[in-house]
Amino acid sequence: MTQKISILGCTGSIGVSTLDVIARHPDRFQAIALSAGSNLDLLLKQIHQHHPRLVSVKTEEEAGQLRKLLDDPSIEVIYGSEGAVRVATTDEADMVVSAIVGAAGLLPTLSALQRGKTVGLANKESMVIAGELMRQTASRTGADLLPIDSEHSALFQCLQGNRKEDVKRLILTASGGPFLNRPRSDFDSITVAEALQHPNWSMGAKITIDSATMMNKGLEIMEARWLFDVIIDKISVLIHPQSLVHSLVEYRDGSVMAQLGVPDMRVPIAYALSYPERIESGAESLDLFKQGRLDFFEPDFEKFPCLALAYEVARKGLTYPAVLNAANEIAVAAFLEKKISFVDIEKVNRKTVEAHHPKKVTSLEDILEADRWGRGEATKNL
Ligand code: NDP
Ligand code: MG
């Protein structure tokens with residue numbers, strides 16, 4: 001029987017890689033529902049290749065446009081946040097790949113978990129802002145939550161067959177991004193084009209900027225905290241510029257397990273899709289002879305204050321992570337639009353977090369409210 005997959009964010013970098021893996025295994029997977037944003041050209045190509053029954057786009061107008069272009073009443077076209085939620089919860093889907101960027105991914109991802117669907121999670125922001133709620137929901141409905149983020153997939157793989165009580169430390173590797181070797185005194189002159197040049201990974205714009213500020217690793221420690229139910233003090237970051245060791249788990253006996261591979265997101269995507277089996281992903285073999293060396297360094301928290309701020313916020317908990325995430329989304333969007341400088345991203349984030357009066361999270365509404373507040377405050381701080 002084929003496994004039926006819904007994809008949230010099908011037109012993004014992760015969405016495209018997911019459809020590539022699916023296309024390699026037509027007897028095994030079928031993409032039955034797709035949720036895009038506004039990239040109708042790409043969506044149309046995906047529809048012609050994969051024949052989903054349900055498709056969602058961002059706006060009503062885009063839905064109208066797409067219906068005309070398709071001229072096929074057997075494909076249902078819906079839109080907006082409710083559209084994405086329907087793609088995530090459609091009865092037919094056995095699994096949902098969550099790959100919308102930002103907090104916009106939260107409602108559909110949470111809805112999928114509420115329905116008991118297996119979720120392959122790329123959308124780290126939902127885990128950062130609502131990790132506890134997502135965990136509780138998954139355990140209540142029995143939904144499996146499988147990581148797609150490469151570091152978390154590596155940790156998940158290194159945890160297989162071991163007991164959680166024996167874990168001493170989770171070690172997330174980080175490439176260090178394009179400015180690892182640029183002096184901090186030159187950060188004022190960083191351009192958008194330079195920040196978009198990631199040395200090892202080809203990804204969407206937002207996560208690429210997050211990698212340049214190292215906020216991405218900050219979000220990832222919070223993602224790991226909730227995915228694996230491990231306290232923040234047991235999660236550390238290791239700079240590894242080659243991005244071949246994707247993360248490590250240290251156990252109490254001194255053993256350290258690592259997962260390696262070429263930097264290709266199809267590897268963690270394929271593992272989430274086929275777990276606990278393994279299938280071909282299309283990735284190249286890792287040739288360590290050719291690579292020659294693996295380097296590791298400690299992160300520089302002064303040079304990358306976003307990482308330090310994320311650790312502070314992760315320890316504080318409450319509504320702080322939702323506010324930091326919201327501020328960062330606003331700041332990164334403003335940087336990409338050339339409204340603020342690269343170093344302004346960290347300033348907007350800190351100022352917003354410092355102005356926040358935190359609240360205990362007892363419901364989804366508390367998170368959504370903190371997200372709204374963070375966006376408003378960050379916009380004032382631009
Ligand atoms: P992209 O920017 O490439 O893609 C984002 C996708 O989300 C697109 O399909 C876009 O639609 C859609 N989208 C954006 N906003 C909305 C919205 N408001 N409602 C509905 N759909 C929306 O991002 P990535 O694929 O790079 O990243 C996706 C997620 O995966 C992020 O959370 C990121 O942190 C995470 N991730 C990504 C990795 C990577 O290698 N790319 C690695 C690890 C994690 P459209 O383009 O049609 O407008
Ligand atoms: Mg990652």
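Nothing here was measured: the structure is a model prediction, and the numbers come from that model.
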Under a single-linkage definition using a 4.5 Å side-chain heavy-atom cutoff for Ile, Leu, Val, Met, Phe, Trp and Tyr, are [X] and [Y] assigned to the same hydrophobic cluster?
X      : Y      : answer
Leu145 : Leu155 : yes
Val353 : Leu382 : yes
Leu324 : Tyr320 : yes
Met257 : Tyr271 : yes
Val55  : Leu42  : no

Check [X] against [Y] and note the closest heavy-atom contact, atom names and distance.
X      : Y      : result
Ser56  : Ala84  : OG-N, 3.5 Å
Ala195 : Thr208 : O-CG2, 3.7 Å
Ile171 : Leu238 : CG2-CB, 3.7 Å
Glu329 : Ala103 : OE2-N, 2.7 Å
Ile221 : Ile235 : O-CD1, 3.6 Å
Glu280 : His25  : O-NE2, 2.7 Å

So with a 6.0 Å cut-off around [atom1] of [X], is the heavy-atom count from everything else above 12?
X      : atom1 : value
Gln160 : CD    : yes
Glu60  : CD    : no
Phe179 : CZ    : yes
Glu365 : CD    : yes
Lys351 : NZ    : no
Lys359 : NZ    : no
Glu92  : CD    : yes
Asp71  : CG    : no

Q: Test salt bridge (charged side-chain N to carboxylate O under 4.0 Å, His left out) on Arg67 and Asp72 and set out the steps.
A: CA-CA 7 Å; Arg67 281 189 203 106; Asp72 178 351; over 6 Å; no

Between [X] and [Y], is there a donor-acceptor pair closer than 3.5 Å when you use the side chain of the first and the backbone of the second?
X      : Y      : result
Arg266 : Gly282 : yes
Lys303 : Arg182 : yes
Gln49  : Lys45  : no
Glu250 : Leu170 : no
Lys360 : Thr319 : no

Q | Steps toward side chain to side chain contact (heavy atoms under 4.5 Å, CB included) verdict (Leu172, Ser236) | A | CA-CA 6 Å; Leu172 280 103; Ser236 54; over 6 Å; no

Q: Might you work through the salt bridge (charged side-chain N to carboxylate O under 4.0 Å, His left out) test for Arg350 and Glu354, ending with a clear yes or no?
A: CA-CA 6 Å; Arg350 178 159 292 281; Glu354 284 178 354; 3.1 Å; yes

Parallel, tilted or perpendicular: which one describes the rings of [X] and [Y], with boundaries at 30° and 60°?
X      : Y      : value
His240 : Phe296 : parallel
Phe342 : Phe187 : perpendicular
Tyr311 : Phe301 : perpendicular

Q | Residue pair Asp20 / Ser17, side-chain donor-acceptor N/O under 3.5 Å | A |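 No, because no side-chain N or O of Asp20 sits under 3.5 Å from a partner of the opposite role on Ser17.
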
Q | Atom pair CD/OG1 of Glu125 and Thr109 - distance to nearest 0.5 Å | A | 10.0 Å

Q | CG-NE2 distance between Leu318 and His357, expressed to the nearest 0.5 angstrom | A |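 One gets 13.5 Å once the value is rounded to the nearest 0.5 Å.
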
(Q) With side chain to side chain contact (heavy atoms under 4.5 Å, CB included) as the criterion, how do Glu220 and Glu223 come out once you've worked through the C-alpha distance, each side chain's angles and the decisive distance to 0.1 Å? (A) CA-CA 5 Å; Glu220 288 184 356; Glu223 181 186 12; 3.9 Å; yes

Q) Which is it for Ser243 and Asn200 under the side chain to side chain donor-acceptor pair (under 3.5 Å) test, yes or no, and what are the steps along the way? A) CA-CA 7 Å; Ser243 296; Asn200 307 332; 2.7 Å; yes

(Q) Checking Asp210 against Asn328 for the side chain to side chain donor-acceptor pair (under 3.5 Å) test, could you report, in this order, the C-alpha distance in whole Å, the side-chain angles of both residues, the deciding distance, and whether it holds? (A) CA-CA 9 Å; Asp210 285 346; Asn328 187 58; 2.9 Å; yes

Q. Do Thr352 and Arg375 pass the side chain to side chain donor-acceptor pair (under 3.5 Å) test, and can you show the C-alpha distance, the side-chain angles, and the key distance before you say yes or no?
A. CA-CA 9 Å; Thr352 307; Arg375 279 166 207 276; over 6 Å; no

Q | Chi angles and distances behind the side chain to side chain donor-acceptor pair (under 3.5 Å) call for Lys347, Asn381 | A | CA-CA 9 Å; Lys347 290 182 192 152; Asn381 291 333; over 6 Å; no

Q | Arg225 vs Val230, side chain to side chain contact (heavy atoms under 4.5 Å, CB included): CA-CA, chis, key distance, verdict | A | CA-CA 5 Å; Arg225 188 258 173 273; Val230 166; over 6 Å; no

(Q) Any salt bridge linking Arg372 with Glu377? Criterion: basic side-chain nitrogen under 4.0 Å from a carboxylate oxygen. (A)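 Salt bridge between Arg372 and Glu377, a charged N being under 4.0 Å from a carboxylate O: no.
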
Q.
Among Thr89, Asp91, Thr141, which residue satisfies the side-chain hydrogen bond (donor to acceptor under 3.5 Å, both in side chains) criterion with Arg115?
A.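 Result for side-chain hydrogen bond (donor to acceptor under 3.5 Å, both in side chains) with Arg115: Asp91.
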
